[in-house]
Undergrad: 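Before I ask anything, let me first share the structure, which is written out below as structure tokens.
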Amino acid sequence: HYQAGFHQTSTAGAFGATVAAGRLMRLPEESLVCALGIAATRASGLKVQFGTMGKPLNAGFAAAAGVESALLSASGLVSRPDALEAEGGFGATHAGEANLDAALRDLGKVWLFEG
């Protein structure tokens with residue numbers, strides 16, 4: 001993912017911001033899952049921006065994508081619940097594979113994104 005040119009702060013940050021916004025909005029689980037699906041289609045950011053004002057802007061885009069994804073889901077927009085791990089989903093297109101079990105194995109225990 002990072003080696004392919006994606007800016008991890010922007011891509012992973014969109015998911016973190018989505019969960020944070022969804023929790024603050026007290027979204028039910030189904031809505032939060034939809035919000036993550038929306039974020040999966042919005043998460044972006046390229047390392048080519050490093051050294052420009054575009055790099056910190058990527059973090060702002062991630063935050064905006066998270067809040068907007070939660071708001072859209074709360075308003076009834078529905079997305080695929082498996083947008084992270086589905087064939088053609090975020091994992092497959094941004095990391096070459098989608099192993100949700102491995103990605104979530106230590107969730108809440110280990111606080112590290114490996115690049």
Side-chain angles (χ1 to χ4, degrees):
H1 180 80
Y2 189 79
Q3 291 77 10
F6 289 100
H7 184 192
Q8 186 77 13
T9 299
S10 190
T11 54
F15 297 110
T18 299
V19 172
R23 295 283 305 225
L24 288 170
M25 294 171 59
R26 302 183 197 282
L27 289 181
E29 181 179 346
E30 182 179 316
S31 294
L32 187 53
V33 168
C34 281
L36 286 167
I38 297 166
T41 204
R42 303 228 20 233
S44 187
L46 300 174
K47 292 188 322 184
V48 72
Q49 296 296 339
F50 288 14
T52 74
M53 288 185 272
K55 182 184 182 198
L57 185 61
N58 282 340
F61 284 154
V67 172
E68 292 165 2
S69 295
L71 288 169
L72 288 167
S73 180
S75 297
L77 191 128
V78 178
S79 70
R80 285 191 53 157
D82 62 347
L84 294 174
E85 72 273 18
E87 182 178 336
F90 185 86
T93 59
H94 286 70
E97 66 176 329
N99 186 340
L100 195 60
D101 291 332
L104 300 179
R105 181 179 313 123
D106 293 324
L107 186 64
K109 300 173 194 162
V110 176
W111 302 94
L112 170 72
F113 282 112
E114 295 187 49

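All values derive from a computational prediction rather than experimental measurement.
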Undergrad: Identify the heavy atoms of Ala40 and Phe90 that sit nearest to each other, and give their distance.
TA: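 Ala40 and Phe90 have their closest heavy atoms at O-CD1, 3.6 Å.
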Undergrad: Considering only residues two or more places apart or on different chains, which pairs with a residue in residues 10-34 satisfy salt bridge (charged side-chain N to carboxylate O under 4.0 Å, His left out)?
TA: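 Residue pairs with at least one partner in residues 10-34: there are none.
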Undergrad: Looking at every heavy atom in both Ala35 and Ala70, which two are closest together, and how far apart are they?
TA: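 What the structure gives for the nearest pair is CB-CA, 3.9 Å.
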Undergrad: Any sub-3.5 Å donor-acceptor pair from Ser79's side-chain atoms to Cys34's backbone N or O?
TA: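 Answer holds: yes.
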Undergrad: Quick one: side-chain contact (heavy atoms from CB on, under 4.5 Å) partners of Ala74, sequence neighbours excluded?
TA: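 Ala74 satisfies side-chain contact (heavy atoms from CB on, under 4.5 Å) with Met25, Leu27 only.
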Undergrad: Would you give me the side-chain donor-acceptor pairs under 3.5 Å for residues 45-58, sequence neighbours excluded?
TA:
unit_1: Lys47; atom_1: NZ; unit_2: Tyr2; atom_2: O; d: 2.9
unit_1: Gln49; atom_1: OE1; unit_2: Thr52; atom_2: OG1; d: 3.1
unit_1: Thr52; atom_1: OG1; unit_2: Gln49; atom_2: O; d: 2.6
unit_1: Thr52; atom_1: OG1; unit_2: Gly54; atom_2: N; d: 2.9
unit_1: Asn58; atom_1: ND2; unit_2: His7; atom_2: ND1; d: 2.9

Undergrad: For residues Ala92 and Ala86, report the shortest heavy-atom separation together with the two atoms involved.
TA: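 For Ala92 versus Ala86, the nearest heavy atoms are CB-O, 4.1 Å.
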Undergrad: Which residues end up grouped with Leu72 if you chain together Ile, Leu, Val, Met, Phe, Trp and Tyr wherever their side-chain heavy atoms are less than 4.5 Å apart?
TA: Ile38, Leu77
Undergrad: Check whether any side-chain N or O of Ser73 sits under 3.5 Å from a backbone N or O of Ser69 as a donor-acceptor pair, and report yes or no.
TA: no
Undergrad: Donor-acceptor pairs under 3.5 angstrom involving side-chain atoms of residues 15-22: please list them, not counting sequence neighbours.
TA:
unit_1: Thr18; atom_1: OG1; unit_2: Ala14; atom_2: O; d: 2.7

Undergrad: Kindly state each residue pair satisfying salt bridge (charged side-chain N to carboxylate O under 4.0 Å, His left out) with at least one member in residues 68-84, sequence neighbours excluded.
TA: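 Residue pairs passing salt bridge (charged side-chain N to carboxylate O under 4.0 Å, His left out), neighbours aside: Arg42-Glu68, Arg80-Asp82.
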